[in-house]
Undergrad: 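Just dropping this structure here.
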Amino acid sequence: MPEGPSIVILKELAAPFAGKKVLEVSGDAPIDLERLAGQKIIAFKTWGKHLLICFKQFTVRIHLMLFGSYSINEQTKPRVRLGLTFAKGELFFYACLVKIIDEPLSEVYDWSADVMNQAWDRRKARAKLKQEGDRMICDVLLDQNIFAGSGNIIKNEVLFRSRIQPESLVSAIPPKKITALLTEVVKYSFEFLHWKKENTLKKHWQAHTKKICPRCDIPFVKKYTGKNKRRSFFCTNCQELYE
DNA sequence: GTGAATGTTAACAG
DNA sequence: CCTGTTAACATTCA
C-alpha cells in the first residue's frame, strides 16, 4: 500500500501515539532498537512514501516498499520488523525498510518536492522539469526528487487525465499541458487519499489496470515504458505523444 | 502453482 | 569512472 496518499493515511492512524512514550521496542530491523526505548514520540510526518517517526534527537524512517504493511494494537504478521509498545496500544511494521536519521529533517528533506505537502511548490517542479527535458514523462513522474509520493498508479491516472502519452519527451510537452499535469498530480493525489479512505480507490481508476478506454471505448495499450520499465496503461487516441 | 505487482537500492557487468 | 542491468527484499492476489 505504498504511494504517498497511503502513507498519509498511516500517519493519521498513528497520530494518537504522538506525544506518547515508547515503553518497549521489538523487531528485526537492523538499527539500534534500544535508542527508541523510553523516548517520547514528538510527531509523525511524511515525505513522499516515507513515514517519519520523530523523536527529540533523531527520526525513524519507515519505507513500506512494495510489500510492507503495518498494524495498530494487534500483531497481524508473524515477523515484526519494528514494534513499538506504548502504555496504551502498540504499533507494528512488517517487511519494510527502517532507518535512523540523525540529521535534522530540514537537512534531509525538501518538503516542497512532496506532492502531498502544504509546502509543495509547483514552480520548483516546473523548473526541475525544464532540467529533465530529455527524459520521458513516465520516468519523471516516478522521480521522487521531483514528485515525492507519486507512484505507478498516480503516474498512470495523471497521464490519462491530462491526456499525455507516457513516452512523451518532457521538453516536447507544451507548457499548458505541463501546467495541467502539475495540477492533476496534486488533485489526483488527494482524490487517491479520499477514495482510499472510502475503500473505493480501484473503482475510480480510469486507466491503471484497465483494458478499455472509458473516454472513447477503444482498447488501452499496456506497455512497460521508459527507463524504469514500469507498466503503463494508455489510450493512443486520447493521449497525445509529444516527441 | 506461477507470475506479476502501488518500490528502492546494492551488486555486478561492460 | 560511468551507465545500464540484475538481484534482492518479501507479500498478496489474479
Side-chain angles (χ1 to χ4, degrees), chain A residues 1-13 26-31 46-52 60-71 74-83 92-101 108-110 113-116 132 134-161 166-167 184-212 220-234:
Chain A
M1 20 188 70
E3 293 193 29
S6 297
I7 307 305
V8 170
I9 291 172
L10 165 55
K11 173 179 69 176
E12 291 175 1
L13 291 174
S26 60
D28 59 6
I31 60 167
T46 61
W47 181 86
K49 298 163 187 170
H50 300 191
L51 175 73
L52 303 166
V60 176
R61 187 193 84 184
I62 306 279
H63 196 307
L64 264 28
M65 303 297 281
L66 253 191
F67 311 127
S69 61
Y70 60 89
S71 65
E74 57 170 341
Q75 186 180 332
T76 56
K77 303 268 164 73
R79 186 170 168 189
V80 175
R81 179 58 45 83
L82 181 67
F92 296 99
F93 298 96
Y94 315 93
C96 57
L97 296 184
V98 182
K99 195 186 169 209
I100 288 188
I101 299 173
V108 179
Y109 291 109
D110 174 5
D114 180 357
V115 169
M116 305 291 293
E132 308 284 343
D134 56 341
R135 293 171 71 193
M136 287 183 182
I137 190 65
C138 60
D139 285 327
V140 170
L141 271 171
L142 294 174
D143 187 330
Q144 299 301 295
N145 291 313
I146 305 175
F147 297 105
S150 173
N152 210 34
I153 296 172
I154 293 176
K155 177 197 84 178
N156 280 320
E157 291 298 314
V158 164
L159 288 174
F160 179 73
R161 286 152 201 252
E167 292 167 305
E184 196 58 52
V185 170
V186 175
K187 182 164 171 268
Y188 180 71
S189 294
F190 281 93
E191 287 174 343
F192 184 129
L193 174 66
H194 175 72
W195 288 325
K196 180 86 182 171
K197 285 178 177 174
E198 279 189 350
N199 237 316
T200 60
L201 182 68
K202 287 187 189 181
K203 202 181 86 184
H204 289 92
W205 284 345
Q206 293 179 23
H208 194 249
T209 72
K210 295 296 181 181
K211 300 236 186 309
I212 305 284
F220 266 124
V221 174
K222 175 186 172 185
K223 184 178 177 185
Y224 292 81
T225 60
K227 290 210 165 166
N228 56 34
K229 297 209 164 44
R230 296 279 241 117
R231 62 178 183 165
S232 291
F233 300 85
F234 58 92

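Just so it is clear: chains get the letters A, B, ... in the order the sequence lines come, proteins before strands, and each one is counted from 1.
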Undergrad: Give a yes/no answer on whether the side chain of A:R81 brings an N or O atom under 4.0 Å of OP1 or OP2 in C:dC9.
TA: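 No.
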Undergrad: Measure from OH on A:Y94 to P on C:dT11 and round the result to the nearest Å.
TA: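 The answer, rounded to whole Å, is 11 Å.
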Undergrad: Rounding to a whole Å, what distance do you find between A:L97:CG and B:dT6:C1'?
TA: 15 Å
Undergrad: Going from CZ on A:R61 to CG on A:L51, what distance comes out if it is rounded to the nearest 0.5 angstrom?
TA: 11.0 Å
Undergrad: Tell me: CG of A:L64 to P of B:dT9, nearest whole Å?
TA: 14 Å
Undergrad: Whole Å only: how far is the OH atom of A:Y224 from the P atom of C:dT5?
TA: 17 Å
Undergrad: Should A:K197 and A:E12 count as an ion pair when the cut-off is N to O under 4.0 Å?
TA: yes
Undergrad: Output the distance between atom CG (A:N156) and atom OH (A:Y188), rounded to the nearest 0.5 Å.
TA: 9.5 Å
Undergrad: So if I take every side-chain heavy atom of A:R231 and compare against B:dA5, C:dA10, B:dT8, which nucleotide ends up nearest?
TA: B:dA5
Undergrad: Would you call A:K196 and A:E3 a salt bridge, taking side-chain N to carboxylate O under 4.0 Å as the test?
TA: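 Not counted as a salt bridge, because no side-chain N and carboxylate O are separated by less than 4.0 Å.
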Undergrad: Closest to the A:H63 side chain: B:dT8, B:dT6, B:dA5?
TA: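 Nearest listed nucleotide: B:dT8.
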Undergrad: Which of these nucleotides, B:dT6, C:dA10, B:dT8, is closest to any side-chain atom of A:P2?
TA: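 It is B:dT6.
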Undergrad: If the C1' atom of B:dT6 is compared with that of C:dT5, how far apart are they to the nearest Å?
TA: 23 Å
Undergrad: If you check every side-chain atom of A:L66, which of B:dT8, B:dT6, C:dA10 has the closest atom?
TA: B:dT6
Undergrad: Would you say that more than 12 heavy atoms from the other residues, nucleotides or ligands in this model lie under 6.0 Å from the CD of A:E74, or not?
TA: no
Undergrad: How long is the span from the CD atom in A:E157 to the OG atom in A:S150, to the nearest 0.5 Å?
TA: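 One gets 11.5 Å once the value is rounded to the nearest 0.5 Å.
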Undergrad: Take atom C1' in B:dT9 and the same atom in C:dT12, then report the distance between them in whole Å.
TA: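 Taking atom C1' in both B:dT9 and C:dT12, they lie 22 Å apart.
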Undergrad: Which sits closer to the 5' end of DNA chain C, A:K77 or A:K227, going by the nucleotide each is nearest to?
TA: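 Its nearest nucleotide being more 5', the pick is A:K227.
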Undergrad: Please tell me if A:K202 has a side-chain N or O lying less than 4.0 Å from either OP1 or OP2 of C:dC13.
TA: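 No, A:K202 has no side-chain N/O under 4.0 Å of OP1/OP2 on C:dC13.
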Undergrad: Name the pairing partner of C:dA10, where a pair is Watson-Crick or G-U wobble with both distances under 3.5 Å, or state none.
TA: none
Undergrad: Write down the distance between CZ (A:R79) and P (C:dT11), rounded to a whole number of angstrom.
TA: 7 Å
Undergrad: Are OP1 or OP2 of B:dT8 and a side-chain N or O of A:K49 less than 4.0 angstrom apart?
TA: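 Indeed, a polar side-chain atom of A:K49 lies that close.
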Undergrad: Whole-Å distance between B:dT6 P and A:I153 CD1?
TA: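 The distance from CD1 of A:I153 to P of B:dT6 comes to 7 Å, rounded to the nearest Å.
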Undergrad: What does B:dT6 pair with, Watson-Crick or G-U, if both distances are under 3.5 Å?
TA: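 No nucleotide pairs with B:dT6.
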Undergrad: In whole angstrom, what separates A:M65's CE from B:dT6's P?
TA: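 Rounded to the whole Å, the gap is 14 Å.
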Undergrad: Can you tell me how far P of C:dC9 sits from CG of A:D28, to the nearest Å?
TA: 13 Å
Undergrad: Counting side-chain heavy atoms from C-beta on, which of B:dT8, B:dA5, B:dT6 comes nearest to A:K222?
TA: B:dA5
Undergrad: Nearest of C:dT12, C:dA10, C:dG4 to any side-chain atom of A:A95?
TA: C:dA10
